[in-house]
Amino acid sequence: MLTVPRPRLALLGALALIGCLDPAQPGNLVPATVLDDPELPALELADTRVHLETFGDPDDPVIVVLHGGPGNDYRYLLRLIEPVEGESLADDYFWVFWDQRGAGLSERHGLEALTLDAYLSDLEQVVDHFAAGRQVVLLGHSWGGQYAGMYMNAHPERIAGAVLAEPGRLRWDIPELAADFDFDYFAEHLGDLLWARQFVSMQDHARADYVTSLLLLEDTNARLEEPSPNWRVGAAVLLELYLEQIEGARFDWTPRLGEVEAEVLFITGALSVDLGTEFQGQQTPLFADARIVEIADAGHTDIVWARAEATVPVVRDYLEGLELE
Amino acid sequence: MSALASLVMAAVLAGAGPGQRPSPDSGANVVGTEVGVDGTTLAWSLGYARALFLPGERTLLLATRFTLPMTQPDMGDWRWAAGARVDALALGRFAWPVELDLVVRGLSNRSVDALGLGTELITAPGWYPKRWFVAAELSWDQQWGTHLEHGADYRRYVYEDVQDGWYGPTGFTMRYGARVGGLPWRHMELWVRGGYEQHGRFDQLAPPLYAIAGVNFRF
């Protein structure tokens, strides 16, 4: 049962009297999560509840989609199942789209619950729920590709195939060719974001997610042909998982990647500087069988959003070449 | 200049930064500027203050200050503060000045236009000999009301149903630091201040620090 402390209750009452909106109220600055809105499609995992939708026939081969960030959501990946030349990939495959722990419209947690171990456990549960006793195809973009690598390293025998769209490093010491996230402290987008903290403090999830969402349309995404949509950024995930546990840690998700028997498809954008073809050329040798397909005139997120119509046929060709159950 | 004229001037101009306690020797008018890590990676302020010397050797300082972020500056992001400073306690060279400011700020980018109304309470207990000072600095900047109006792109690409309008208390900044400075010349004052600042429990985007240097001219 939701309990509201008396001082907060008094404050909310005072705000209502003078007609002010409550910044922490879901629905005002950010959309509600699956905890606040029971009508959202969701799946209950061991210690969290995630926003999740499926498309297609459950008896078809299962593809689990992993969005980027960490902290983004799957909204920008839905073009992968939109019809291209009259056909949708959901006609032949069963797609599982979900917002990862603490991200998108999934349940929010304190920083202590946002660990790589918890993330691995969540994905294991999702795979077991939809592909019990079967192999699965993982499709991950950016951080989602790293997440797929983490799972493949733990369970190479469960992998029927994998599409990695410009994944980040699968091992901490793989050299980056350029900074992935522009942390130039004098960049305008960061200056705007820091200035915004005077208006809206990152004191609770709603306000922290809102402030971080203001970055989505800033110049950091200027290389994109068209901004990719998101429902709600998980600020705590971005700060804890990305900045603390990935960027600041020595992780290695590669020792068992060579045991993946299926071919692995890397997709890159020709305009990507940081995680493009040259960078991914360092990661394909980690697998027994992997190849890269480059999408022309595409940046990092374009390959799954603005240029999805070029990427979908590549994914279809790849899936049709796999032995799927 | 009358007290009323000083008050009007303080309100329409932009206050001098925090410095030595005013005295008739160095002048009742203070024009100052600051630059540093102040709410963003680089901000610049221009200010004016007027000291009113009251009976009983008490002083009321009316001050106003206008601040612009300087990372590719535009006039959409700004802060204006105006208020008054008094010595809550003065025992010899030890003083405990307290300043209360009204703060109005603006924010404008592709996602949102914001106008904020708030207050800032600043206190700087410390040692204030005649030509220099060293003091602790504690401040509480509270945003009491914020008007948010989101752009079409934000609604299209992020959250279609985001609510525009006036929000209640949305933000705060707590600062715990120190300030030190002096008057190397009779009418010119230099100082630095800095320390730890806090915007919220999930605020890890940048080091939680502020660091500002400034100069005042007294006449």
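Below, chains carry the letters A, B, ... as their sequence lines are ordered, and counting in each starts from 1. Since the structure is predicted, the reported quantities are computational estimates derived from the model, not experimental observations.
Between B/Phe202 and A/Thr212 there is no side-chain heavy-atom pair separated by less than 4.5 Å. Under the 4.5 Å side-chain criterion, counting only non-hydrogen atoms from C-beta, A/Gln198 is in contact with B/Arg79. Put simply, the side chain of A/Leu29 does not reach to within 4.5 Å of the side chain of B/Gln163, judged on heavy atoms. Side-chain atoms of A/Met202 and B/His199, non-hydrogen and from C-beta on, never get closer than 4.5 Å to each other. Residues B/Phe172 and A/Ser201 are in side-chain contact: their nearest non-hydrogen atoms beyond the backbone lie under 4.5 Å apart.
Note on B/Arg201, B/Gln143, B/Gln198: by heavy-atom pairs under 4.5 Å with chain A, the leading option is B/Arg201. The greatest number of non-hydrogen atom pairs below 4.5 Å with chain A, out of B/Gly118, B/Gly200, B/Gly151, is found for B/Gly200.
Listed by chain and number, the residues in a ring pair (Phe, Tyr, Trp, His ring centres under 6.0 Å) with A/His67 amount to none (sequence neighbours excluded). Partners of A/Arg207 under the side chain to side chain donor-acceptor pair (under 3.5 Å) rule, at least two apart in sequence or in another chain, are A/Asp204.
B/Thr170 contributes a side-chain N or O that, together with a main-chain N or O of A/Phe199, makes up a donor-acceptor pair within less than 3.5 Å. Proximity of a side-chain donor or acceptor of B/Tyr159 to a complementary backbone N or O of A/Gly27 within less than 3.5 Å is detected. Looking only at distances, no side-chain donor or acceptor of B/Thr40 sits under 3.5 Å from a matching main-chain atom of A/Trp195.
For A/Arg75, the part sitting under 4.5 Å from any heavy atom of chain B is the side chain, from C-beta outward, and nothing else.
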